[in-house]
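First the structure, in the form of structure tokens, and then the observations on it.
Atoms within a ligand are numbered from 1 in the order they appear, just like the ligands themselves. Numbers for residues simply follow the sequence, beginning at 1.
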Amino acid sequence: MFPDLRSLNPPQREAVQHLHGPMLVLAGAGTGKTRVITIRMAQLIASGVAPDRILSVTFTNKAAKEMGERTRQILGGGKLKARPWISTFHALCVQILRSDIERLGYPRKFTILDRGDQESIARGTLRDIRVTEKSLKPGDMLSIISGWKSAGLPPGEAAAAAADDKQYLAAMAYRKYQQKLKATGSVDFDDLLLLTAELFEEHPDILDKHQQRFSHVQIDEYQDTNGIQFRLIEALVAKHKNLCVVGDDDQSIYGWRGADVAHILNFGRYFPGAKIVRLEDNYRCTDHILECANRLVRHNRGRHGKVLRASKKSAHEVRFVKYDDENLEAEKTVFEIRFYIQKKGIPARDFAILFRTNEQPRIFESELRRQGIPYTLIGSQSFFDRKEIKDLMCYLKAIDRPTDEASLLRIINVPPRGIGDSTSSKILEKATRDGRDFWVVARETAAQGEVSKKAAAALDEFHRLLQTYTRRFEENARQMDVIVRELIEAIHYDREIEKQYPDPQAQLMRQGFVDEFVDAVAGYLEKSSDPTLTDFLDGCALNGRDDEPDKEKQAAEDAVKLMTLHSAKGLEFPRVYMVGMEENILPHKRSVDADTAQAIEEERRLCYVGITRAQEFLTMSRAESRIKWGSRRPTVPSRFLREMRSDEALEAEEAEEAGENE
Ligand code: ATP
Ligand code: MG
């Protein structure tokens with residue numbers, strides 16, 4: 001029953017067999033850190049630890065799924081009665097809050113806000129305190145507050161931490177914003193962590209319960225934990241200190257989100273007596289790729305120097321390519337990929353195109369479509385940003401939680417059912433003013449003849465429809481996909497699509513999104529042992545940040561992957577294309593403008609993460625000109641290109657350029 005440890009090298013084996021007390025595995029990319037904690041989970045179970053007392057925290061939903069998959073393989077399918085908890089920080093917190101958030105004065109059925117909801121609340125908050133958009137944009141307000149929340153700073157302490165005018169205004173807005181969230185029973189993404197920490201700190205009995213529940217805790221990508229996540233973990237393991245963390249300081253790429261590399265570098269100080277393991281053999285990349293990565297990251301100062309040896313030799317050098325413009329870059333890159341797929345029989349899933357910013361994938365997507373290559377865009381929020389998906393999600397939210405007025409308002413007249421804007425805002429205004437239920441006020445307003453007869457009838461009918469579905473989902477959650485399909489028909493959503501998109505082709509595509517949504521519900525049902533609508537909506541709120549709902553299915557599909565460097569963390573692909581290797585893209589314009597060593601070093605680490613995703617082939621490309629703000633401009637090659645090349649390569653290139661100039 002013990003997992004086979006022969007596939008591990010000696011230090012990996014040592015880490016897997018060290019089962020109790022604190023341990024840090026600090027090692028470079030591709031050295032098997034994730035593999036170590038996956039196998040260690042099996043080892044813990046084999047040594048008698050109950051599976052459901054093990055908690056493994058990963059950074060993305062995708063990583064959690066992969067680790068679950070790998071553990072199942074090692075442990076042999078469905079033989080176990082219980083499963084280990086493998087989840088992201090956020091998913092763990094949702095689960096803890098769903099059972100105990102009432103102790104903090106929030107309703108058990110709290111809503112998790114998406115970015116759009118958050119912005120509209122931020123806008124309202126700024127309006128309330130009479131701060132104009134010129135002084136502080138809602139988006140900026142949210143990122144400043146998010147920074148404070150990640151550092152664990154409550155509204156009362158924010159003003160003292162404010163460093164400039166904008167931050168000062170944000171500090172004023174923070175308290176109000178927080179009050180608004182609480183009043184509507186909603187939480188934002190950062191609150192999930194913050195409220196869990198608060199719950200643990202103010203209610204020792206709840207903390208005790210969770211301390212008992214998990215006897216062993218593991219964390220992957222530990223370099224990216226922020227202050228509040230650290231507090232949570234510290235609290236969870238305070239009694240037994242059975243904590244194993246793995247990470248690489250060279251891959252810390254979330255400093256802008258409050259992550260603090262100090263947590264990994266000072267691990268021994270926080271947990272005295274911790275065992276420290278170093279892994280030095282990289283099993284992922286060829287020697288050429290790894291040399292390139294090593295040469296680059298050496299330019300960073302604030303790092304823990306470490307050895308990283310390649311165990312794979314290869315004849316293929318890393319390729320550096322330049323194109324005249326961004327269109328050619330996309331066209332030729334996709335052409336090359338198509339050649340390998342169609343002429344050499346290489347599966348599409350072997351290829352990944354990695355980029356820095358969210359504007360970059362668009363031309364690659366249209367090129368892939370034009371050349372007929374299957375692809376998946378990962379890490380964008382596009383799925384949940386689509387109007388159809390937003391509408392349907394709001395229906396489900398309004399059905400699941402009748403007090404969710406923000407969702408209700410979005411769909412109350414979508415498709416049009418004769419409830420005009422003026423009617424709904426009149427009711428909402430009254431309801432908010434008196435702190436009463438929307439529907440109660442609606443009925444009164446109708447009875448008093450303040451809305452037209454037609455609107456009153458429509459309101460009544462719509463309310464009944466929602467109530468019917470609330471009941472149906474509660475009674476028959478197993479049939480959720482069927483019920484969703486019926487709901488879509490009952491509200492005649494096809495009419496909304498016809499109204500928005502006169503073009504039949506566009507209608508078909510939009511209808512496709514609706515079908516995809518129903519598939520996502522069906523996919524959820526397949527995976528869940530105890531499905532509920534609330535749980536499905538939670539999953540969507542969490543996944544929306546870095547995944548599409550059916551990403552698991554898509555990842556297995558044979559398609560070229562397009563993703564940002566951030567979402568590529570932890571993954572590997574045989575053939576990687578890093579595109580747009582230019583100043584102001586990588587390093588990002590924000591960091592170039594900031595011009596601090598800290599900002600540039602984080603971009604360099606991001607580049608390092610990209611390079612070390614490649615197993616066999618790595619191509620880096622740039623365009624010599626690019627359209628920016630409406631006009632074509634020349635670009636400057638990324639400084640990282642120079643830094644990662646060997647001296648010989650640089651000399652050869654200089655000679656070539658001198659030749660060109662003659
Ligand atoms: P990252 O820093 O990118 O997260 P990592 O340290 O987590 O990387 P893994 O993803 O666990 O590395 O492993 C990288 C690759 O090396 C995987 O394909 C893994 O299966 C393989 N690998 C790890 N250890 C060994 C080993 N001892 N022998 C052979 N292959 C190994
Ligand atoms: Mg890993």
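- Remark: minimum distance from atom 29 (C) of ligand 1 to any protein heavy atom is reached at Y283 CD2, 3.5 Å.
- In this structure, the protein non-hydrogen atom closest to atom 5 (P) of ligand 1 is K33 N, 3.5 Å.
- The closest approach between any non-hydrogen atom of R613 and ligand 1 is below 4.0 Å.
- With respect to atom 10 (O) of ligand 1, the closest heavy atom belonging to the protein is R284 NH2, 3.1 Å.
- Classification of D287 and R309 as a salt-bridged pair fails, no side-chain N sitting under 4.0 Å from a carboxylate O.
- Taking atom 9 (P) of ligand 1 as the reference point, the nearest protein heavy-atom neighbour is G32 CA, 3.7 Å.
- Using a 4.0 angstrom heavy-atom cutoff, D248 does not count as in contact with ligand 1.
- Salt bridge K275/E14: present, at least one basic N to carboxylate O contact under 4.0 Å.
- Across all their heavy atoms, L296 and Y608 have their closest contact at CD2-N, 3.9 Å.
- Taking a 4.0 Å cut-off on heavy atoms, N9 registers as neighbouring ligand 1.
- When only non-hydrogen protein atoms are considered, atom 7 (O) of ligand 1 lies nearest to T34 OG1, 2.7 Å.
- Closest to atom 24 (N) of ligand 1 among all protein heavy atoms lies Q12 NE2, 3.0 Å.
- Those atoms of ligand 1 with a heavy atom of S7 less than 4.0 angstrom away are 26 (C), 27 (N), 28 (N).
- Of all protein heavy atoms, the one closest to atom 23 (C) of ligand 1 is R35 CD, 3.4 Å.
- The CZ atom of R303 sits 8.0 Å away from atom CZ of R298, with the distance rounded to the nearest 0.5 Å.
- Remark: minimum distance from atom 15 (C) of ligand 1 to any protein heavy atom is reached at E572 OE1, 3.3 Å.
- Taking a cutoff of 4.0 Å between a charged side-chain nitrogen and a carboxylate oxygen, E221 and K33 do not qualify as a salt bridge.
- In terms of heavy atoms, V16 sits closest to V36 at CG2-O, 3.7 Å.
- For the pair R356 and E603, the salt-bridge criterion is met [side-chain N within less than 4.0 Å of a carboxylate O].
- Closest approach of L279 to P11, counting heavy atoms only: CD2-CB, 3.8 Å.
- One finds no salt bridge joining R622 and E582 here, because no Lys/Arg side-chain nitrogen approaches an Asp/Glu carboxylate oxygen to under 4.0 Å.
- Which parts of ligand 1 touch G570 is read off a 4.0 Å heavy-atom cut-off, strictly below it: atoms 4 (O).
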